Structure formats: structure tokens, C-alpha cells
2 protein chains.
Amino acid sequence: MSRQPDFNVLTATCPSRTSLARIANKWTAMVVIALSAGDRMRFGDLRTTVDGISGKVLTETLRDLERDGLVARHAYAEIPPRVEYELTALGRTLETPLQALGHWAEEHITEVLAAREEYDARR
Amino acid sequence: MSRQPDFNVLTATCPSRTSLARIANKWTAMVVIALSAGDRMRFGDLRTTVDGISGKVLTETLRDLERDGLVARHAYAEIPPRVEYELTALGRTLETPLQALGHWAEEHITEVLAAREEYDARR
DNA sequence: CAGCATCCGAAGGGATACTG
DNA sequence: CAGTATCCCTTCGGATGCTG
């Protein structure tokens, strides 16, 4: 029955905007999409799956996702070290919206490319 | 019947990634969310609705969206000038996924804030 | 292997002033 | 009003080298 206080991402000072800034991000989207596929993934596997991401950026993205409670980190005290990542329950609620974005990009890229060509041709 | 060639946002060189980079972006999300609400919107109304956005960033975001065929621009040769923006048919297919992201941020911000507090407390 | 530290160039983004 | 142009600071992000 009780409703949340009015959170609104369009309001500059609303805390929800900090969350939007994190999830509405290409690296975040790709990492979550990668983690959606299977189970836990090792750091190195993620680095391979999210093609082109640098180690630094992957580390930072994972840290931020962990901080926001979207990703869980499992480190094993082995040599060489092994670290696995997986979506938390909260993170799994992001699978659908972020996969939707990824699919949109793949499904409509032809139209987008055509629009770009037309736009650029006009100038 | 015919299927698209394999577009995959996780592949570094896939053109669909350029599209993902554009739509998985906080300003893009907020502008599309703002345009989803009503009909056409004037530049100034958008600037007010997307609270905190600077004129420069709003201009750039709208140009990029126009170039990708997601937003249509209607300029009227009046004094003072009036320019209206609206989502194209293609842009409207983005309403649902991007609104979903906005809603996610608003609905889960409490959990996210709690996770951040816990994470920060541990260090 | 996973990561941190460092360096550095590129891109993002705000403020201000100006114009049709 | 809706831009454009400029300036400048901040953040992003790649490359390299080092460590447990």
C-alpha cells in the first residue's frame, strides 16, 4: 500500500539519477549482458567476452557494480589467483532491461546506419 | 525468414556497438524519457524537464539522436525562434527499454544506496 | 591470474559570451 | 529562443610495468 517517496531520474538532485548514470553506460551494459549468459565468470573470461575492454576499465566497472550490490565477487586464495563474478539477485533484475538495450542495438543497427548516412550526406 | 547477419554488441568491431554506446548513456536515456511523456517538445522545455542538463550537452545529445534517426527536429523560422523535437517511429521503439532503465533506477535506488553504504563501511 | 599504480591523451561536460 | 563558439576543468579510458 505504502508508496515510495517520489524518486525521479529527471530531477538533478534525486539519488536515483546516480543509479541511472551507472546502469545507463555501455560498459555496464556489456558486462551485465556477459554475466547474464552463464553462471559465474572469471575475470579473464569476462575480459575475453567483453571484447576490447581493457583490464583497468573492467576492474573499475566490476568494482562499481559490486559497490551498488549488482555483482558479487568471489576470490579464491590460490596460486595463480582465481576470481569469479556473478550477478546478485538485484543484478539479475537488470538482465532484462539491459539485454533489451543490447538487442535493440543489434536489431536496429541497419536502420541507424542508414539514418547516419543520410544525415551526413545532407551536410 | 531471412535472418540478419550476426550483429553482436560484445564484439569490439561490430557496428551495433556504436549504437549501444549512444543509447546506453544517461543523457540519451533522460532525453528519450522526457520525449516519451508528451508530444513534441521545445528545446527550452526539454532543458527544463531534463533537470540540470546544460545547453551544450542537450544540443549535442539531440544532434546525435537526430543523426541516428531517433529524433526529428522541427525548426520554425520565427522570431524568436521555435524548435520542436519528437521521437521518430524508430525512436519510439526505444521508449520501453529506456523507460525500463529509468524505472529500475527509481524503484531500486533504496537497495542500491544500502549496498553502497555497506560496501563503503567495509573499507 | 587478477589487480593496482602510473602516465597520458581523448572525450565529456560546465560556464560564459555572442548571434540570427 | 535556440543555438554556436570558446575556454577550461574533469572524467574516461588505453598502455605499460609491477606484485601477491
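Please read all numbers here as calculations on a predicted model, not as lab measurements. First the proteins, then the strands, lettered A, B, ... as listed; each starts at 1.
Atom CG of B:Asn25 is separated from atom C1' of C:dA11 by 12 Å (rounded to the nearest Å). Between the CD atom of A:Glu84 and the P atom of C:dA2 there is a distance of 9 Å, rounded to whole Å. The nearest whole Å value for the distance from the NE2 atom in B:His74 to the C1' atom in D:dC1 is 18 Å. Distance CZ (B:Arg123) to P (C:dG3): 12 Å, rounded to an integer number of Å. When the C1' atom of C:dC1 is taken as reference, atom CG of A:Asp45 falls 11 Å away, rounded to whole Å. A:Arg82 places its CZ atom 13 Å from the P atom of C:dG3, with the value rounded to the nearest Å. Following rounding to the nearest Å, B:Leu46 (CG) and D:dG3 (P) show an atom-to-atom distance of 10 Å. Summarising the geometry, the separation between NZ on B:Lys26 and C1' on C:dG13 is reported as 9 Å, rounded to the nearest angstrom.
Here D:dG3 is the nucleotide among C:dG3, C:dG13, D:dG3 with the atom lying nearest to any side-chain atom of B:Arg73. Comparing atom distances between the A:Pro81 side chain and each of C:dC1, D:dG3, C:dG3 picks out C:dC1 as nearest. Candidate nucleotides D:dC7, D:dT4, C:dG3 were compared by shortest atom distance to the side chain of B:Lys56, and D:dC7 ranks first. Comparing C:dG20, D:dA2, C:dG13 by their nearest atom to the side chain of B:Trp27 picks out C:dG13. The B:Pro80 side chain lies nearest to D:dC1 when the options are D:dC1, D:dG3, C:dA2.
Within the 3.5 Å criterion, the main-chain N or O of A:Ile53 finds a donor-acceptor partner in the side chain of A:Arg47.
In this structure, B:Arg47 does not reach the C:dG14 phosphate: none of its side-chain N or O atoms is under 4.0 Å from OP1 or OP2. The side chain of A:Arg63 places an N or O atom within less than 4.0 Å of a non-bridging phosphate oxygen (OP1 or OP2) of C:dC4.
Side-chain contact between A:Leu70 and A:Leu87 is absent, with no heavy-atom pair separated by less than 4.5 Å. B:Pro81 has its side chain out of reach of B:Phe43: every pair of non-hydrogen atoms, C-beta onward, lies at least 4.5 Å apart.
A salt bridge links B:Arg82 with B:Glu84: the distance from a Lys NZ or Arg NE/NH1/NH2 to an Asp or Glu carboxylate oxygen falls below 4.0 Å.
Contacts of B:Tyr85 with the nucleic acid, taken as non-hydrogen atoms under 4.0 Å apart, involve only primed sugar atoms and P, OP1 or OP2.
Defined by atom type and a distance below 3.5 Å, a donor-acceptor pair is present between the side-chain atoms of B:Glu111 and B:His108.
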